[in-house]
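Read through the structure below, which is laid out as C-alpha cells, and then see the notes.
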Amino acid sequence: MNPRRVRILKSAVSALSGPVVYWMSRDQRAEDNWALLHAQQQAVSTKQPLVVVFCLVPDFLQATLRQYGFMLRGLMETFAELERKNIAYRLLVGQPEEVLPGFLAQLQASLLVTDFDPLRIKRQWKAKLLARLTIDCHEVDAHNIVPCWIASPKLEFAAYTLRPKLKKLLPEFLEQFPPLERHPYPLAQVATPLPEVETVLAGLNIDRSVGEVDWLQVGAQAALLRLHQFLQDGLDDYGVNSNDPLLDRQSQLSPYLHFGQLSAQRTALEVLRHDGPVQQTEAFLEELIVRRELADNFCCYNPDYDNPAGFPAWAQQTLSDHLGDLRSYSYTAAEFEQATTHDPIWNAAQRQMVKTGKMHGYMRMYWAKKILEWSASPRQAMQTAIYLNDRYELDGRDPNGYAGIAWSIGGVHDRAWSERQIFGKIRYMNDKGLRRKFTIDRYCERFAAE
DNA sequence: ATCGGCTCGCGCAA
DNA sequence: TGCGCGAAGCCGAT
C-alpha cells in the first residue's frame, strides 16, 4: 500500500507485541478499506491479531433513528464479513476518548489505526484520545482517493484550483485494491456474538421521530449492487437528465458513500472499467472525485465550515451589506421544518427530504437559497439548513452537505454575480428557472402534503 | 431560442 | 501586471 496514505499521529515508545486495533469510524466496510488494509499489514508483519472496534456515540450531532438504523444495519454486515476473515470486532458504546484507552489497555494493543475525517467532532475525539494514548497511532485516509492532505495542503478557492492537483495525483492513487486476507493470527479472547441491531437501537437515547426508510437496501453488498445497477442503466446518460428532480437519474450512492459502506475509489474503478460514453463518465467522475474531495478540503482547512465566518471575504461583505434588507417572507426553523412556507416547490422539496431521507441534488440548491432569502440573517439560514439536512438526510453530517449549503448561502467555491436584495452578490435562484427547465408541478404533486 | 453582462479573485503567463 | 475563466443562474435584449 502507498505509504503516503498514512499519517503518523503518535509515535510512542510502543510495546513490541500485542494486537493491532483499527478504530473504524468513517469507513464502515471490510473490503476496499485502506485503513483496514494498513492495519492488517501491520498486524501480519508483527504476527499479531487484528481487532476492529467501532465506538457508538449515543448522541452524535443529534442523529436520529433514521441514520443510526442505516449505519448499524450496515455495520452488522461489516462485522459478519470481518468474522469470516478471522478478524475480531467490538462495538463499544460511549465517547471514544473515554472508552478506547481502557479497551486498548485491556487488550494490550501495540498499535491503533484509524480513518481520516475532517469534521470538527471527529478531530476533537482524536485530539483528546491522543493525549491519553500510550501506543503508536496511524491515520489513513480511506475515504478519499487522493489523501486529503496530499491533494492539497491548503484551503482551495474553487473546483478549478483543486482539479489540476487531483488530476496529477490520480495516476498514483487511483489503483486497484488488494483483497482483505483471512487474518492468520486470531485473537485469544472469545469472540463476542454479533449484536442484534434492534437491541442496540433500543439501548440508545436517540430521537425516534424520524423513522428509517425502506426504499433503499442497507450495507456494503447492497451498495455494490446499486453501483452495478447504475452502471447498467444510469451512467450512459448521466448528466443528460440527472438534474431533473422528476426523473430518478441520480446514482443514489451518497448514503453508502457517506457511511463508508461503499468506497469512492471502488466506485471510480468500476465506472472506468464500465468504459461507457466519455462525456457521461467524466461528468460522473467530476462529482464523485473533484466535488467530493473539494468538500473534504473545505472542511479540513476551514474551521468555520458550518457558519458564515467560513464564507469568502467578498461574500461576507456583500451579505452584511444586505443584512438590513426587508424580508418579504421570514420563517423560523420550525416553520421551515413543517413545510408550511408560501412556496409549494420549496415545501415539496422539504417533504421529499423528510419522507425519503434524500432530497434531489438540484433541489438542494434551490432549497438552501430560499432558506437564505426567507431567514432573518445568513447565520440563521445556515443554522436552519444544517439542522434540517443533518436531521433528515441519510447523508447528513457529511462534508458534502456543509460545502453544498455554504455554496448556496455563502458563495463558497462560487463567484460573485449581479447584486440584488438580501443575496447581495451571492448567486440567485428562483422558481422561474425550475419552471423553465422542468415540469416542476409534477414534482410538487408527487410530494404533496398528506 | 440564444447571447452577453453581471462580478470576484486565483493562478499562470509574461 | 494582465488575462482567462470558473458547478448548476438570472435577466433583458435580440
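A note on names: the letters A, B, ... follow the listed sequences, proteins ahead of strands, and every chain is numbered from 1.
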Under 4.0 Å protein heavy-atom contacts per nucleotide of nucleotides 6-14 of chain B, with B for base, S for backbone only and - for none: BBBBBS---
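No donor-acceptor contact under 3.5 angstrom links the side chains of A:Thr356 and A:Gln352, judged on distance only. Between the side chains of A:Asp321 and A:Gln317, at least one donor N or O sits under 3.5 Å from an acceptor N or O. Side-chain contact of A:Asp390 with A:Tyr402: a donor-acceptor pair under 3.5 Å is present, judged by distance alone.
Going from atom CD1 of A:Ile426 over to atom P of C:dG6 covers 20 Å, rounded to whole Å. Here the C1' atom of nucleotide C:dA8 and the CE atom of A:Met363 are 13 Å apart, to the nearest Å. If you take OH of A:Tyr366 and P of C:dA8, they are 19 Å apart, rounded to a whole angstrom. Here the C1' atom of nucleotide C:dA7 and the CD atom of A:Glu282 are 15 Å apart, to the nearest Å. For the pair A:Lys437 NZ and C:dA8 C1', the interatomic distance rounds to 7 Å; values are reported in whole Å. Between A:Trp367 atom CH2 and C:dG9 atom P there is a gap of 19 Å when expressed in whole angstrom units. Put simply, CE on A:Met429 is 12 Å from P on C:dC11, counting in whole angstrom units. Put simply, CD on A:Gln421 is 16 Å from C1' on C:dC11, counting in whole angstrom units.
Between the side chain of A:Arg427 and the backbone N or O of A:Ser408 there is no donor-acceptor pair closer than 3.5 Å. Put simply, the side chain of A:Asp325 never gets that close to the backbone of A:Gln421: no donor and acceptor are under 3.5 Å apart.
Between A:Phe259 and A:Phe70, some side-chain heavy-atom pair lies under the 4.5 Å cut-off. With contacts defined as side-chain heavy-atom distances shorter than 4.5 Å, the pair A:Val57/A:Pro96 qualifies.
Counting non-hydrogen atoms under 4.0 angstrom, A:Ala158 reaches nothing in the nucleic acid. A:Arg364 comes within 4.0 angstrom of no nucleic acid atom, judged by non-hydrogen atoms across all strands.
Spacing of C1' atoms, C:dA8 relative to B:dG11, comes out at 24 Å, to the nearest Å. Look at the P atom in both C:dG9 and B:dC10: the space between them is 24 Å, to the nearest Å. C:dA7 sits 22 Å from B:dC12 when the C1' atoms are compared, rounded to a whole Å. For the P atoms, the distance linking C:dG12 with B:dT7 amounts to 15 Å, nearest Å.
A:Trp374 does not carry A:Arg327 over the face of its six-membered ring by the limits of under 6.0 Å from the centre and within 45° of the normal.
Helical stems in DNA chain B, defined as runs of 3 or more consecutive Watson-Crick or G-U wobble pairs with both donor-acceptor distances under 3.5 Å, are listed by first residue as B:1-6 with C:9-14, B:8-13 with C:1-6.
Look at A:Arg427 and you'll find a side-chain N or O under 4.0 angstrom from OP1 or OP2 of C:dA8. Note on A:Lys369: every side-chain N or O is 4.0 Å or more away from OP1 and OP2 of C:dA8.
Remark: the A:Arg291 side chain and the C:dA7 base include a donor-acceptor N/O pair separated by less than 3.5 Å.
Residue A:Lys10 places its NZ atom among more than 12 non-hydrogen atoms of other residues, nucleotides or ligands, all under 6.0 Å distant.
Checked against a 6.0 Å centroid threshold, the rings of A:Tyr366 and A:Tyr362 do not count as neighbours.
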